[in-house]
There are 2 protein chains.
Amino acid sequence: MSTALAPLPESSTAHLVADRIREAIWQGTLRPGDRLVETDLAERFEISRGPVREAIRLLAPEGLIVLRRNRGAVVADPTFDDVLEVYAARMTLGELALATVARRGVDRATFDEVTSLLDRLRDPIVQADPVSMLEADLAFQDALMRLSDLPRIAAMLENSGRDAASFVRLLGITYESTDHDALIARHERTLAAIAATNPAEAVTAWQDHIRSTVAEFARGYREVGAFSVDQHPLFAYLLSSPRQEES
Amino acid sequence: MSTALAPLPESSTAHLVADRIREAIWQGTLRPGDRLVETDLAERFEISRGPVREAIRLLAPEGLIVLRRNRGAVVADPTFDDVLEVYAARMTLGELALATVARRGVDRATFDEVTSLLDRLRDPIVQADPVSMLEADLAFQDALMRLSDLPRIAAMLENSGRDAASFVRLLGITYESTDHDALIARHERTLAAIAATNPAEAVTAWQDHIRSTVAEFARGYREVGAFSVDQHPLFAYLLSSPRQEES
DNA sequence: AAATCGTAGATTGTCAACAATCTGTGCGCA
DNA sequence: TGCGCACAGATTGTTGACAATCTACGATTT
């Protein structure tokens with residue numbers, strides 16, 4: 001109900017195209033280093049170059065594609081460093097958002113709405129498809145962060161979530177092996193902390209979540225090929241430092 | 001020397017226009033609520049609507065202007081909440097960047113380069129002009145954050161710096177009363193911590209810097225008109241919580 | 001053989017005209 | 001008076017053509 005009456009989605013042509021490009025990258029149709037030629041894309045989508053150009057400019061600041069002056073755009077070729085950086089930003093901004101939520105508290109209705117998004121993650125049909133699972137997970141986390149009433153920070157987190165997913169995909173790491181129950185349990189822990197207006201616990205739960213996720217990816221990355229991930233400064237920062245938040 | 005051979009600046013027409021618009025907002029030529037009509041701006045700059053449109057799209061995600069579907073863009077009308085949010089993001093991202101710098105250490109040449117940027121802040125001519133002072137300050141902080149080798153996070157910090165400055169300006173707060181010596185001393189403290197590869201101290205110094213800045217603005221805001229800033233959740237978060245960083 | 005120069009093709013950057021959409025005003029009607 | 005509706009003007013969204021720029025490749029020179 002309340003989601004039905006929410007503001008209409010940003011469905012400009014440029015946004016639609018941007019979503020399609022993101023999807024193509026996700027699916028592997030577009031691979032790292034591939035050029036994004038405005039003319040070609042315009043032809044494929046059967047529109048003019050204007051909106052395509054705008055879509056590319058929309059994607060660029062997220063880091064998914066790289067823009068070079070007068071030379072067009074190419075799909076980014078991320079390293080594991082990039083994934084770590086995005087998750088580090090995600091961790092620290094999430095801490096801020098959740099600490100704010102938990103400190104201020106939220107009204108019952110809004111809280112229930114977010115809780116209901118968690119149900120989708122429990123749906124066996126959703127769990128069967130990695131892509132659906134990822135989307136449901138991101139939708140939940142987005143809603144969670146929006147509780148903070150910090151629109152800028154919530155927006156940064158939304159972008160970083162999409163980026164992180166695509167980066168991981170571009171690196172050739174599969175997301176399928178994730179333990180669904182553990183994921184849901186971590187999210188429940190965060191929600192409980194918010195309900196109890198316990199900022200420190202909310203932050204800790206979030207840190208755990210990011211750490212688990214990064215650890216998962218690091219495992220996948222070591223399998224794929226991979227470098228000495230473990231002594232990376234950010235990796236240390238992310239994994240081994242249960243930082244303290246005041247309550 | 002090393003700055004002379006650095007990559008060329010992003011000087012596309014759209015970027016130039018975006019800078020001009022930012023400048024106009026800063027100078028007060030464009031005021032909160034003013035509409036940014038593509039046709040008008042194109043005429044003023046004597047170019048077509050294309051680059052103007054692109055410039056507006058460039059400014060929008062930074063929060064300086066608000067975009068409404070099919071209804072164009074207007075200059076944002078920020079509240080002090082917005083300023084706090086931007087500074088909160090700036091504090092937490094800066095902590096991450098500086099902790100990384102201080103943990104990894106930097107080579108002498110790069111460090112000296114950043115140090116030299118601090119000299120500009122000491123120049124009496126620069127100090128005499130608030131705008132120059134602000135620009136020099138931002139340039140220093142940008143360079144400082146770029147030491148982290150975390151390009152995404154450094155970029156977020158750059159944007160937030162420009163935003164914060166414009167927001168403060170839009171709120172009608174003057175920046176002139178800042179104590180220059182104290183500002184420089186805080187920056188020196190951060191640099192010293194980096195040189196000593198002491199992450200905890202670098203983070204603390206940065207927190208102090210943000211706190212001083214926010215406190216300054218809060219004072220100005222109370223003078224201008226203003227609400228009960230002091231019991232804002234983020235204000236509490238920013239000012240009264242010397243959070244702990246591990247070393 | 002190596003390096004430089006110049007040209008052709010491809011691609012992005014810019015433009016001005018057209019189409020779609022929105023805002024506000026004034027009229028008719030209860 | 002208050003409400004709904006239609007229309008005109010203004011403004012954004014989209015398009016296809018043109019200009020500027022870059023890349024690649026081969027000719028020319030040393």
Side-chain angles (χ1 to χ4, degrees), chain A residues 5-25 29-77, chain B residues 5-25 29-77:
Chain A
L5 295 180
L8 291 176
E10 288 280 356
S11 58
S12 72
T13 311
H15 277 93
L16 291 177
V17 172
D19 287 344
R20 290 287 191 92
I21 295 176
R22 235 195 290 263
E23 203 183 320
I25 292 177
T29 314
L30 288 171
R31 318 203 50 182
D34 281 359
R35 298 180 55 191
L36 294 172
V37 178
E38 295 178 1
T39 318
D40 292 355
L41 292 170
E43 247 174 59
R44 273 210 192 59
F45 295 128
E46 294 180 20
I47 56 176
S48 75
R49 276 179 51 214
V52 172
R53 190 181 168 82
E54 199 169 320
I56 291 176
R57 295 297 190 281
L58 221 45
L59 256 25
E62 300 175 19
L64 240 187
I65 62 182
V66 181
L67 227 56
R68 290 169 309 175
R69 268 207 315 179
N70 295 323
R71 277 183 290 167
V74 298
V75 177
D77 188 5
Chain B
L5 294 180
L8 291 175
E10 288 278 358
S11 58
S12 73
T13 311
H15 277 93
L16 291 177
V17 172
D19 287 344
R20 289 288 192 92
I21 294 176
R22 235 194 289 263
E23 202 182 321
I25 292 177
T29 314
L30 287 171
R31 317 203 49 180
D34 281 359
R35 297 180 55 192
L36 294 173
V37 179
E38 294 178 1
T39 318
D40 291 356
L41 292 170
E43 247 173 58
R44 273 212 193 56
F45 295 128
E46 294 180 20
I47 56 175
S48 76
R49 277 178 51 213
V52 172
R53 190 181 168 82
E54 199 169 318
I56 291 176
R57 295 297 189 280
L58 222 43
L59 256 25
E62 300 176 19
L64 241 186
I65 63 182
V66 182
L67 227 56
R68 290 171 308 175
R69 267 208 312 179
N70 296 323
R71 278 184 289 167
V74 298
V75 177
D77 188 6

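Throughout, protein chains are lettered first and strands after them, A, B, ... in sequence-line order, and every chain is numbered starting at 1. Note that this is a predicted model, so its numbers are computed, not measured.
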Visitor: Would you mind reading off the distance between Arg69(B) atom CZ and dT21(C) atom P, rounded to a whole angstrom?
Guide: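 Rounded to whole Å, this separation is 10 Å.
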
Visitor: Working to the nearest 0.5 Å, report the span between OG of Ser12(A) and CG of Leu58(A).
Guide: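 If we round to the nearest 0.5 Å, Ser12(A):OG and Leu58(A):CG are 7.0 Å apart.
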
Visitor: Is the CZ atom of Arg20(B) crowded by more than 12 outside heavy atoms at less than 6.0 Å?
Guide: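 Open.
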
Visitor: For a quick test of reading the model, state the closest non-hydrogen atom pair linking Gly63(B) to Ala76(B) and the distance between them.
Guide: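 Looks like O-CB, 3.5 Å.
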
Visitor: Can you measure Glu43(B) atom CD to dT12(D) atom P for me and round it to whole angstrom units?
Guide: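 Spelled out: CD on Glu43(B) to P on dT12(D) is 12 Å.
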
Visitor: Round to a whole Å and report the spacing from NE2 of His15(A) to P of dT12(D).
Guide: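 Going from His15(A) (NE2) to dT12(D) (P), I get 17 Å.
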
Visitor: Distance check needed: dC15(C) C1' versus Phe45(B) CZ, whole Å only.
Guide: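 For the pair Phe45(B) CZ and dC15(C) C1', the rounded distance is 17 Å.
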
Visitor: For dT14(C), does OP1 or OP2 lie under 4.0 Å from any side-chain N or O of Ser48(B)?
Guide: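 It does not, given that no N or O in the side chain of Ser48(B) lies less than 4.0 Å from OP1 or OP2 of dT14(C).
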
Visitor: Nearest whole Å is fine: how far is dA10(D) P from Arg68(B) CZ?
Guide: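 Rounding to the nearest Å, CZ of Arg68(B) and P of dA10(D) are 18 Å apart.
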
Visitor: Out of dT23(D), dT14(D), dG13(D), which nucleotide sits closest to the side chain of Arg71(A)?
Guide: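 The answer is dT23(D), which lies nearest to the side chain.
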
Visitor: What do the steps show when you test Ile21(A) against Leu41(A) for side-chain contact (heavy atoms from CB on, under 4.5 Å), and what is the final call?
Guide: CA-CA 9 Å; Ile21(A) 295 176; Leu41(A) 292 170; 4.2 Å; yes

Visitor: Looking at the side chain of Arg53(A), which of dG13(C), dG13(D), dT14(D) is the nearest nucleotide?
Guide: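 Looking only at heavy atoms from C-beta outward on Arg53(A), the closest nucleotide is dG13(C).
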
Visitor: Quickly work out the Glu54(A) CD to dT12(C) C1' distance and round it to whole Å.
Guide: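 In whole Å, dT12(C) C1' and Glu54(A) CD are 16 Å from each other.
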
Visitor: In residues 29-37 of chain B, which ones come under 4.0 Å of DNA chain D, going by heavy atoms?
Guide: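 Heavy-atom cutoff 4.0 Å gives Arg35(B), Leu36(B), Val37(B).
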
Visitor: Over all strands shown, is Gly72(A) touching base, sugar-phosphate only, or nothing at heavy-atom distances under 4.0 angstrom?
Guide: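 Here Gly72(A) touches the backbone only, sparing every base.
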
Visitor: Looking at dC22(D), dT12(D), dT14(C), which one has an atom nearest to any side-chain atom of Arg49(B)?
Guide: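 Nucleotide nearest to Arg49(B)'s side chain: dT12(D).
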
Visitor: To the nearest Å, how far apart are Ile56(B) CD1 and dT11(D) C1'?
Guide: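 Answer to the nearest Å: 11 Å.
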
Visitor: Glu38(A) side chain: which of dC15(C), dC22(C), dG13(C) is closest?
Guide: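 Shortest atom-to-atom distance from the side chain points to dG13(C).
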
Visitor: What heavy-atom pair brings Ile56(B) and Leu36(B) nearest, and what distance separates the two atoms?
Guide: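 Of all heavy-atom pairs spanning Ile56(B) and Leu36(B), the closest is CD1-O, 4.1 Å.
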
Visitor: Let me confirm one number: the CG-CD1 distance from Leu30(B) to Ile65(B), rounded to the nearest 0.5 Å.
Guide: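 Result: 9.5 Å between the selected atoms.
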
Visitor: As a test of reading the structure: which of dC15(C), dT15(D), dG13(C) is closest to the side chain of Ile47(B), going by heavy atoms?
Guide: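 The answer is dC15(C).
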
Visitor: Write down the distance between CG (Asn70(A)) and C1' (dA10(C)), rounded to a whole number of angstrom.
Guide: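 Answer to the nearest Å: 13 Å.
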
Visitor: Which atoms form the tightest heavy-atom contact between Asp77(A) and Pro32(A), and what is the distance?
Guide: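 The pair with the smallest heavy-atom distance is OD1-CB, 3.7 Å.
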
